[in-house]
Each structure stands twice: as C-alpha cells, then as structure tokens.
Number of protein chains: 2
Amino acid sequence: MKNGISLKELAARLKLAPSTVSRALNDSYEISEATKKKVISMAEKLNYQPNPFARSLRENKSKSIAVIIPERINNFFAQVIDGIESITSEHGYHLLVYSTHEDVEKEKKIVSLLQNGRADAIVMSVSSQTNDISHLKNLYERGLPILFFDRVCAEIPTTKFITNDYESAFEGTKHLLQQGCKRIAFLMLSMELSITRERHRGYLDALKNAGIEPESRLSICCSHQDAENIQLITELLNSKSRPDGILASVEKLALSTYHAVKKTDLSIPDDLKVISFSNMSIPNLLNPSLTTITQPAEAIGQECAKILIKKLTKPRQPDLPNEVISLPSKLTIRESTLVR
Amino acid sequence: MKNGISLKELAARLKLAPSTVSRALNDSYEISEATKKKVISMAEKLNYQPNPFARSLRENKSKSIAVIIPERINNFFAQVIDGIESITSEHGYHLLVYSTHEDVEKEKKIVSLLQNGRADAIVMSVSSQTNDISHLKNLYERGLPILFFDRVCAEIPTTKFITNDYESAFEGTKHLLQQGCKRIAFLMLSMELSITRERHRGYLDALKNAGIEPESRLSICCSHQDAENIQLITELLNSKSRPDGILASVEKLALSTYHAVKKTDLSIPDDLKVISFSNMSIPNLLNPSLTTITQPAEAIGQECAKILIKKLTKPRQPDLPNEVISLPSKLTIRESTLVR
DNA sequence: TTGTAAGCGTTATCAG
DNA sequence: CTGATAACGCTTACAA
C-alpha cells in the first residue's frame with residue numbers, strides 16, 4: 001500500500017516551504033492569493049491527501065466519534081446511527097461503531113480501547129447487563145465527552161437523550177385498559193436499564209390510576225435467549241391466572257410473545273392484547289398487526305450529533321451539560337389491541 | 001480532554017530510555033526479564049495507553065478497517081458486520097462503518113475519504129446505483145486492500161464473497177413452479193447489481209428448464225421508494241395478465257408485495273405465491289409466513305475478516321487473490337408458497 | 001541489554 | 001507574506 005504524496009513532497013514540487021503549503025491549504029489569512037491558488041491547484045493535480053494520523057498527533061484530535069450500542073441487528077440502533085452519521089459526516093467526522101452484544105465485559109473492553117484518544121467523543125447506549133459503571137465513570141473523568149441515548153447512565157453527569165418513556169408506557173397501559181384488559185403483564189429485559197425502570201413506572205402508575213393493584217408476578221424479567229423467553233411467556237399464558245394484555249418494553253419480547261401465542265390456543269387480540277415499544281419497519285405485516293410505541297430514533301441520533309459537533313468544533317466549549325433531553329415517542333394503534 | 005501519560009513520561013518515572021520501555025512493552029526479545037516486568041507493572045499502575053496516532057504515523061497502519069454498506073436498516077448487513085467485528089476485534093482492529101444509502105455519490109465521497117490511509121483495508125458491498133466504478137478502481141490501484149461481499153464489483157481483481165445466487169434463484173423459481181405457478185415475476189432493484197444479474201439468470205434458466213418462455217414484462221425493476229414499488233406491484237397484480245408467483249431478489253420488494261396484495265382482492269398464497277431473498281428475523285410472523293432464501297450473513301462477515309486479517313497481519317502477504325468465494329444460502333419453505 | 005537519535009507528516013511559533 | 005525549526009508520541013537503526 002503506497003500512500004499518496006506528502007506535504008513535504010508537494011512543497012518541493014512547488015519550491016515552497018512545507019509550512020507555506022500547509023497554511024495555503026488550511027486557508028490561512030496570511031498567505032497571498034496567488035500562492036494559495038498555485039498550491040491548491042497543484043495539490044489537486046497530485047491528489048494530495050493529508051495524513052490523518054500526523055494531523056491527529058499534532059492536533060490531538062482524531063476526527064472520529066465512537067458509537068457503542070448493545071446490538072446491531074435492531075432497527076432502533078441502526079436508525080440512531082444513521083441519524084448520527086447524517087450530521088457528523090457533514091463535519092468530516094468518521095464513525096467507529098462497536099456492539100457490546102449486551103455484554104458488560106465486552107462493553108468494558110471497548111471502553112478501555114477508547115481511553116487513548118482514538119475517538120474524540122463517545123455516543124452510547126449501555127448494555128442491559130451494565131450495573132457496575134466504573135468503566136464509564138473512568139472515561140468521563142478523563143474528560144472524554146460522553147453522550148448517552150435511550151439506555152442512559154444516570155450517575156454520569158453528562159447530556160442524555162431519551163424518549164418520554166414514562167408517559168409512553170403510561171399511555172400504552174392506559175390504552176390496554178381502555179380496550180378492556182384487566183390483567184396486564186409488563187415484559188422487560190433488565191431492571192438495571194434506565195428505560196426499563198421508567199417504562200415500568202409508567203405501567204405501574206397507569207394501573208394504580210385505574211384503581212388496579214399491580215401484581216408483582218406480572219412484571220416479568222426476561223433474558224436474551226429468545227427460546228427461553230418464548231418458553232417463559234408460553235408458561236405464563238398457560239397459567240390459570242394468565243394476563244389478557246401485554247406491554248413489551250422492547251420489541252424482541254413482543255415478537256417472543258407472538259411466537260408463544262402460537263404455541264397456545266389463545267389468539268391476539270381476542271384473548272390477549274399486545275403493545276410494544278418497537279421501531280421495526282413492518283409492524284403492519286405481522287399477524288395481527290402490532291400496536292407500537294415508536295421512538296424517534298433518527299432524530300435522537302441527529303440531536304446527539306449536533307450537540308457533539310458543537311462541543312467538538314467550537315473552541316473552548318464548556319463540558320456537555322448534565323441534562324436529560326426527552327423526545328416524544330409515538331403510539332400507533334393496530335390490530336393487536338383491537339376489540340372485536 | 002487530558003490524554004494519559006506518554007511513553008516518555010513513563011520512561012522518566014522508571015529512569016529508563018523511551019526506547020527501552022517501548023521494547024519492553026512490545027515484548028522484544030532483546031530485553032531482560034527483570035526490566036520487562038518492572039516496565040509492565042509500572043505501565044499498568046499508571047494506566048499507560050499508547051497513542052494510536054503516533055503509532056499509526058510511525059508504522060503507517062491504522063489498525064482500522066472500513067466497512068461500506070448500502071444501508072444500515074437491514075438485517076443482512078448488520079449480521080455481516082457482526083461477523084466481521086467478531087474476528088477483527090480479536091486482533092485489535094477497529095471498524096469504521098459507513099452507509100452509502102444506495103447513493104453512488106455518497107459512495108464516491110466515502111471512498112475518497114479513505115484514500116489517505118485512515119483505514120488499512122475496505123470491506124464493501126456496492127450501492128445499487130453504482131455503474132461507474134472509477135472510484136473503486138482508483139482505490140484498488142493505490143494498493144489499498146479491498147474485499148467485496150454480496151454486491152461485488154467484477155471488474156476489480158480482488159477477493160469477493162458471494163452466495164450461490166444463481167442456484168438459489170433457480171431453486172426458488174423451481175419451487176414456485178412445483179407449487180403450480182405458471183407466470184412468475186422477478187422483482188429486482190437494479191440490473192447493475194451483481195446479485196441481481198445472477199439471481200435473474202437463475203430465474204430465467206429455471207423457467208426455460210421447465211419449458212416456459214420468460215416474459216420480459218415479468219422482470220421488474222423497482223426503485224428505492226417503497227411507496228412507488230407498492231404502487232407498481234399493485235398495478236401489476238391488477239393487470240389482466242397478472243403473475244401467480246413472485247421471486248423477490250431483495251427483502252424489501254417482498255414486503256412491498258405484501259403491502260400491495262393488501263390493496264387488492266388477492267391473497268397469498270392462494271392467488272399469488274411469494275418467495276424472497278431475506279435475512280429478516282421474523283419471516284414466520286408475517287401473514288402468511290414468508291418462504292425465504294436466507295444468506296449466511298454472519299459467516300460471510302467472518303470469512304471476509306479472516307482473509308483480511310491474514311493479509312494485514314502476516315508480513316509480506318501477497319495481494320488478495322482475484323477469486324470469488326461462494327457460500328450457500330438456505331431455502332426455507334413457509335406458507336407463502338403453500339398449495340392448499 | 002540499554003541508550004541515543006532520527007524520522008513518520010503535520011502545524012505552530014518565531015524570524016526574516 | 002514566507003521560511004526555518006520544533007514538537008506531537010512512538011519505533012527502530014545504530015551505538016555503546
């Protein structure tokens with residue numbers, strides 16, 4: 001792999017000093033228009049490409065942003081990254097993307113790889129296993145800008161983007177109640193997760209608000225094994241005191257519910273109504289179509305990126321403020337919660 | 001952002017020369033065990049992290065691999081990247097991920113950003129718009145290792161990973177014929193795409209093999225606008241000589257078909273049988289469940305990565321050979337092609 | 001076995 | 001306005 005021509009060589013061709021060429025290319029004001037033009041045209045002719053590492057070394061910035069997500073095979077995270085990229089690419093930033101596969105150990109490894117300046121900032125959503133957050137604290141204390149979205153880490157005083165999880169879950173539960181559900185179950189991944197807690201609160205409050213005493217049996221913690229979850233939900237549905245409504249706090253649990261229902265004599269929505277947080281592209285092609293709470297994923301990514309770009313490009317910018325910014329999700333009612 | 005301690009500072013603490021410390025940390029053989037231990041323990045104590053850019057500058061390698069895909073919101077590509085990451089992360093490589101959004105101009109921009117050594121290699125699947133390939137040729141000629149998967153670029157003499165597209169399409173079409181289809185349509189994105197051409201060949205040959213003369217009207221080129229495609233397919237289904245079978249060469253076109261069918265009086269599989277190349281996670285939750293040809297996406301990613309790692313880590317490795325490696329896809333028959 | 005010094009390709013400082 | 005020089009943090013000849 002032969003790299004292109006260097007600044008020094010370009011300068012030699014032009015019979016100019018490297019510093020002059022550098023200034024011309026960086027559009028310094030203290031350069032004559034004439035030489036500026038000459039330099040630029042020669043640079044184009046020879047297809048000069050500055051070496052990013054020399055620059056990074058010199059300027060102590062990488063022009064890269066690390067994005068850490070719990071899983072790639074998930075429309076929500078893919079959309080967020082699209083949103084981030086749409087902004088950052090305009091500013092010459094590159095995206096290093098890492099998946100933790102919901103594994104804290106992997107998350108720690110990745111985070112430790114980012115301690116050395118390879119990325120100028122981190123945008124992340126924590127794994128569902130993450131309870132010890134020393135690795136994140138560590139990173140924060142080194143002064144690396146971190147920005148959380150969706151699954152945030154409350155203990156780190158930085159900017160966090162979330163959706164109105166409490167309200168959405170409240171509304172979703174209320175909708176199930178309005179459709180006649182009496183016993184609503186809440187499916188979740190892990191109580192450690194910020195989104196789980198908020199959504200669970202919304203669920204509980206909606207029940208209490210309707211004069212229903214929540215049963216702790218109906219708040220169900222699932223795993224990452226789809227097969228296990230399907231098994232668990234099947235048993236739930238076959239139990240004497242089965243629920244007649246389900247609020248899935250993440251998409252995969254709604255899908256497991258659909259699979260589980262197939263293994264029983266029940267049907268959605270007649271015997272069981274289902275609503276789920278989900279950014280899948282085809283909720284209306286499921287059988288029955290799925291009532292969803294959809295998060296503004298791309299907008300989240302864009303907002304994250306905008307704040308970050310401001311922080312990274314404006315000189316002497318203050319630290320990312322310790323605030324939580326909430327964007328609204330959207331409830332779309334479909335057949336899975338229909339009364340017929 | 002204060003970066004950590006430097007090698008020089010670490011050396012000062014140890015009262016050793018930087019070069020000695022460097023050698024100790026890089027496990028050079030020409031260093032006494034005693035100092036090696038001392039250095040390593042001190043490095044750990046002070047949490048020394050080598051500056052990646054200094055190293056990159058010096059060694060002229062980035063320890064990054066660029067992955068360019070046409071879209072992120074697509075399980076197939078997400079799975080491939082998971083596969084790549086599973087291998088490359090073990091070898092200390094970082095993944096720069098770019099999406100072209102099926103736009104050649106974006107693809108060109110991204111490619112041009114990678115001319116300066118920011119990535120040690122590129123793994124990519126070209127956009128469906130890509131017919132002018134000068135940007136890729138350019139990159140190849142600079143000596144940057146490029147590896148294509150799925151949507152490959154035949155003109156660039158490098159290693160390409162594909163699936164047995166011809167055979168899969170042949171088998172898929174044959175299956176439709178066996179299920180009684182007489183008029184089978186082929187839905188595609190763009191004739192420029194390697195996968196389109198192969199899959200189309202398989203489709204045509206299966207028809208001919210059954211003594212059916214292909215109708216060119218039934219080979220349908222769609223766009224990237226789902227709404228347009230649904231419209232197009234709806235019209236097709238409402239036409240007098242409508243097809244009774246559809247082979248979708250990419251998943252999104254099968255989904256558009258499902259949407260289109262909803263707008264007609266027809267039903268799948270009674271009036272129209274559908275089969276599609278697809279890596280979606282829930283083909284069996286669609287109504288009706290979708291017969292799919294699933295590509296071994298994660299394996300493709302892993303194989304790409306293995307070849308690349310070998311090329312990048314072994315000294316004096318030859319160029320990536322100009323060969324096409326094919327992995328088999330899997331046909332899974334579901335309700336959408338059922339006879340009842 | 002360890003130290004000295006040069007150099008990777010930039011940019012910033014200081015002279016001219 | 002332009003040029004010389006140092007420095008960013010690391011590795012590797014070459015010297016000792």
Side-chain angles (χ1 to χ4, degrees), chain A residues 1-40 42-43 46-64 92 115-120 142 315, chain B residues 1-40 42-43 46-64 92 115-120 142 315:
Chain A
M1 164 68 191
K2 56 176 187 304
N3 254 332
I5 182 181
S6 78
L7 185 77
K8 221 191 299 188
E9 293 167 305
L10 178 58
R13 289 277 203 301
L14 286 158
K15 298 196 188 258
L16 284 172
S19 52
T20 308
V21 176
S22 171
R23 277 182 285 236
L25 291 173
N26 291 309
D27 206 30
S28 164
Y29 61 96
E30 48 172 358
I31 280 285
S32 78
E33 280 305 319
T35 48
K36 207 183 274 190
K37 263 188 202 149
K38 227 174 23 185
V39 169
I40 290 173
M42 180 63 97
L46 299 181
N47 190 25
Y48 165 71
Q49 308 274 7
N51 179 310
F53 305 118
R55 201 172 255 178
S56 290
L57 180 59
R58 185 62 230 255
E59 305 194 324
N60 201 29
K61 51 186 172 187
S62 66
K63 280 282 186 178
S64 299
Q115 292 196 348
N116 56 15
R118 187 177 281 270
D120 293 338
R142 295 178 72 91
Chain B
M1 164 70 190
K2 55 174 190 306
N3 254 331
I5 182 181
S6 78
L7 185 76
K8 219 193 301 189
E9 293 168 305
L10 178 58
R13 289 278 203 301
L14 286 158
K15 299 194 187 257
L16 284 172
S19 55
T20 308
V21 175
S22 171
R23 278 182 283 237
L25 292 172
N26 291 310
D27 206 30
S28 165
Y29 61 96
E30 47 173 359
I31 281 287
S32 77
E33 279 305 321
T35 47
K36 208 180 273 188
K37 262 188 202 150
K38 224 172 26 183
V39 168
I40 290 173
M42 179 64 95
L46 300 180
N47 189 26
Y48 165 72
Q49 307 275 5
N51 180 311
F53 306 118
R55 201 173 255 178
S56 289
L57 181 58
R58 183 64 228 258
E59 305 196 323
N60 200 30
K61 51 186 173 186
S62 65
K63 280 282 185 179
S64 298
Q115 292 196 350
N116 56 17
R118 188 177 280 272
D120 293 338
R142 295 178 72 92

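Labels below follow one simple rule: chain letters A, B, ... track the order of the sequence lines, proteins then strands, and each chain is numbered from 1.
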Atom CG of A:Leu46 and atom P of C:dG9 are separated, to the nearest Å, by 16 Å
Separation of C:dC8 atom P from A:Ile5 atom CD1, nearest Å, is 14 Å
Applying side-chain hydrogen bond (donor to acceptor under 3.5 Å, both in side chains) to B:Asn51 and not counting sequence neighbours gives none
From OH of A:Tyr48 across to P of C:dG9 the rounded distance in Å is 10 Å
Taken to the nearest whole Å, NZ/B:Lys61 to C1'/D:dC10 is 13 Å
Quick check on B:Lys61: does its NZ atom have over 12 non-hydrogen neighbours (other residues, nucleotides or ligands) under 6.0 Å away?
no
Here the distance between atom P of D:dT12 and atom CG of B:Leu7, to the nearest Å, is 12 Å
In whole angstroms, the gap separating C1' of C:dG7 from CD of B:Glu59 amounts to 13 Å
Item to complete: With the side chain counted from C-beta on, respond yes when A:Thr20 and A:Leu14 share a heavy-atom pair under 4.5 Å apart, and no when they do not.
Response: no
Base, sugar-phosphate, or nothing: which does A:Gln49 touch, judged by heavy atoms less than 4.0 Å apart? sugar-phosphate
One should read off an interatomic distance between B:Met42 CE and B:Leu16 CG, to the nearest 0.5 angstrom, of 9.5 Å
Detail all sub-3.5 Å separations between protein N/O atoms and N/O atoms belonging to nucleotides 1-4 of chain D.
unit_1: D:dT2; atom_1: OP2; unit_2: A:Ser32; atom_2: N; d: 3.2
unit_1: D:dT2; atom_1: OP2; unit_2: A:Thr35; atom_2: OG1; d: 2.9
unit_1: D:dG3; atom_1: OP2; unit_2: A:Ala17; atom_2: N; d: 3.0
unit_1: D:dG3; atom_1: OP2; unit_2: A:Thr20; atom_2: OG1; d: 2.6
unit_1: D:dG3; atom_1: N7; unit_2: A:Ser19; atom_2: OG; d: 3.4
unit_1: D:dG3; atom_1: N7; unit_2: A:Arg23; atom_2: NH2; d: 2.7
unit_1: D:dG3; atom_1: O6; unit_2: A:Arg23; atom_2: NH1; d: 2.9
unit_1: D:dG3; atom_1: O6; unit_2: A:Arg23; atom_2: NH2; d: 3.0
unit_1: D:dA4; atom_1: N6; unit_2: A:Ser19; atom_2: OG; d: 3.1

Applying side-chain hydrogen bond (donor to acceptor under 3.5 Å, both in side chains) to A:Glu9 and not counting sequence neighbours gives A:Ser6
Just wondering, do A:Ser62 and A:Arg118 contact through their side chains at under 4.5 Å, heavy atoms? no
Rounded to whole Å, CG of B:Leu57 lies from P of D:dA7 at a distance of 17 Å
Whole-Å distance, A:Asn51 CG to D:dC8 P, equals 18 Å
